[in-house]
**Q** 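Could you have a look at this structure, given as structure tokens, before my questions?
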There are 2 protein chains.
Amino acid sequence: MTPGGLEPLDQAIVQELAADGRRSFTDLAERVGLSVSAVHQRVRRLEQRGVILGYTARLDGEQIGLPLTALISLTPNDPAAPDDYPQRIQHIKEIESCYSVAGDESYILLVRVQTPLALEDLLRRIREAAKVSTRTTVVLSTPFEGRSPTF
Amino acid sequence: MTPGGLEPLDQAIVQELAADGRRSFTDLAERVGLSVSAVHQRVRRLEQRGVILGYTARLDGEQIGLPLTALISLTPNDPAAPDDYPQRIQHIKEIESCYSVAGDESYILLVRVQTPLALEDLLRRIREAAKVSTRTTVVLSTPFEGRSPTF
DNA sequence: TCTGAAAACTCGTGAGT
DNA sequence: ACTCACGAGTTTTCAGA
């Protein structure tokens, strides 16, 4: 169980911030048993090393007007074309995540839009920008999402 | 363009917090053009209404010792069984997100583990807990993930 | 890399418009 | 619903071990 390249103290800090990204240094210091300034230094170092990539508010898609979530699989039209798909589609704001995958398809995208019509338009833009075929799986509901990892 | 059930001011606040979940109220106040306490009130209300579900640090899977990401599709073994799959698998910590989907499969899971062996073990636990068949797509790389939505 | 202390800044609340 | 004001708490920096 555990060691994954990260010191126990850093691991504890990172886990606390994954669970609550707005936890104060004072609070973190108590939980991990260090002084406030030691925690401060460690968090800054974790940010600089790229262990912590950033902080975000998790939002309810329904309530922010993006009720339709979908997973889109991408298959290149021309298998010989250079593999620069992420670059070609990164400007498309509706794409939240992009995974390069092993399997029948090359990429899987997670997208959020307002309406079915917006999804149709999005698919057209993705196909044109990346010269790919798409296969779309609509998300009906999200039992849970973005839970913080345990390690 | 825009109105999705959220006031422009709330929209601006929420967008700032999606981009940087640790932004201070002072900072937010300047950006949206309100007093600090007005922003404070609005953020509290957004949290209570469930528009903001929480805050998290985004972490680098490689660096925290969970380098292997996978997408797992679930198909019920017994199509007549009650649909309580999320409940049956929510205790499994490696599962970060769970989507109920339209299509050939019933659910798609996003998971993170240390090693191929840990993935094998995880699949066994999922199949046993939920009485499902699984189809696994291994993530080779993540060009981008968890980008904040624009709305 | 840690601690402790001081200064600057931010939070959180309450009163008032 | 917003602003202003104030005390409490937090962040940030620095010297020293």
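Values reported hereafter were calculated over all heavy atoms of this structure, with side chains retained and with hydrogens, waters and symmetry mates removed. Naming convention: chains lettered A, B, ... in sequence-line order (proteins, then strands); numbering from 1 in each chain.
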**Q** For DNA chain C, find the residues of residues 42-50 of chain A with a heavy-atom distance under 4.0 Å and give them by number; none if there aren't any.
**A**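 Result for residues 42-50 of chain A: A:Arg42, A:Arg45, sorted by number.
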**Q** Applying the side-chain contact (heavy atoms from CB on, under 4.5 Å) test to A:Leu68, which of A:Val113, A:Val139, A:Leu117, A:Thr115 qualifies?
**A** A:Val113
**Q** Does A:Arg147 reach the main-chain N or O of B:Gln90 with its side chain, forming a donor-acceptor pair under 3.5 Å?
**A** yes
**Q** Is A:Arg135 salt-bridged to A:Asp104, going by a charged N under 4.0 Å from an acidic O?
**A** no
**Q** When you measure from the side chain of B:Ser37, which nucleotide among D:dC4, D:dC2, D:dC14 comes out closest?
**A**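 Between D:dC4, D:dC2, D:dC14, the one nearest the side chain of B:Ser37 would be D:dC4.
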**Q** Rounded to 10°, tell me the angle between the two end axes of the helix from C:dT1-D:dA17 to C:dT17-D:dA1, each built from five pairs.
**A** 30°
**Q** May I ask you to say what A:Val36 touches in the nucleic acid, namely base, sugar-phosphate or nothing, with a heavy-atom cut-off under 4.0 Å?
**A**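 The residue A:Val36 makes base contact.
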**Q** Would you say the side-chain atoms of B:Thr136 pair up with the backbone N or O of B:Ile72, donor to acceptor, closer than 3.5 Å?
**A**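 Looks like no, no N/O pair under 3.5 Å.
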**Q** Any donor-acceptor pair under 3.5 Å linking the side chain of B:Thr69 with the backbone of B:Arg112?
**A**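 No, because the side chain of B:Thr69 does not come within donor-acceptor range (under 3.5 Å) of the backbone of B:Arg112.
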**Q** Is the shortest distance from a Lys or Arg side-chain nitrogen in A:Asp10 or A:Arg49 to a carboxylate oxygen in the other one below 4.0 Å?
**A**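 Here A:Asp10 pairs with A:Arg49 in a salt bridge, since their nearest N and O are under 4.0 Å apart.
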**Q** Check whether B:Ser37 reaches the backbone of B:His40 with its side chain - one donor and one acceptor, N or O, closer than 3.5 Å.
**A** no
**Q** How close or far is atom P of C:dT10 from atom NE2 of B:His40, stated in whole angstroms?
**A** 14 Å
**Q** Please give me every residue in residues 15-33 of chain B whose heavy atoms get under 4.0 Å of an atom in DNA chain C, ordered by residue number.
**A**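 Hits under 4.0 Å, by residue number: B:Ser24, B:Phe25, B:Thr26.
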**Q** Does the distance from a Lys or Arg side-chain N to an Asp or Glu carboxylate O, for B:Arg124 and B:Glu120, drop under 4.0 Å?
**A** no
**Q** So how far is it from B:Leu109 CG to B:Ile89 CD1, rounded to the nearest 0.5 Å?
**A** 4.0 Å
**Q** Establish, yes or no, whether the cationic atom of B:Arg44 lies under 6.0 Å from the six-membered ring centre of B:Phe25 and within 45° of the ring axis.
**A** no
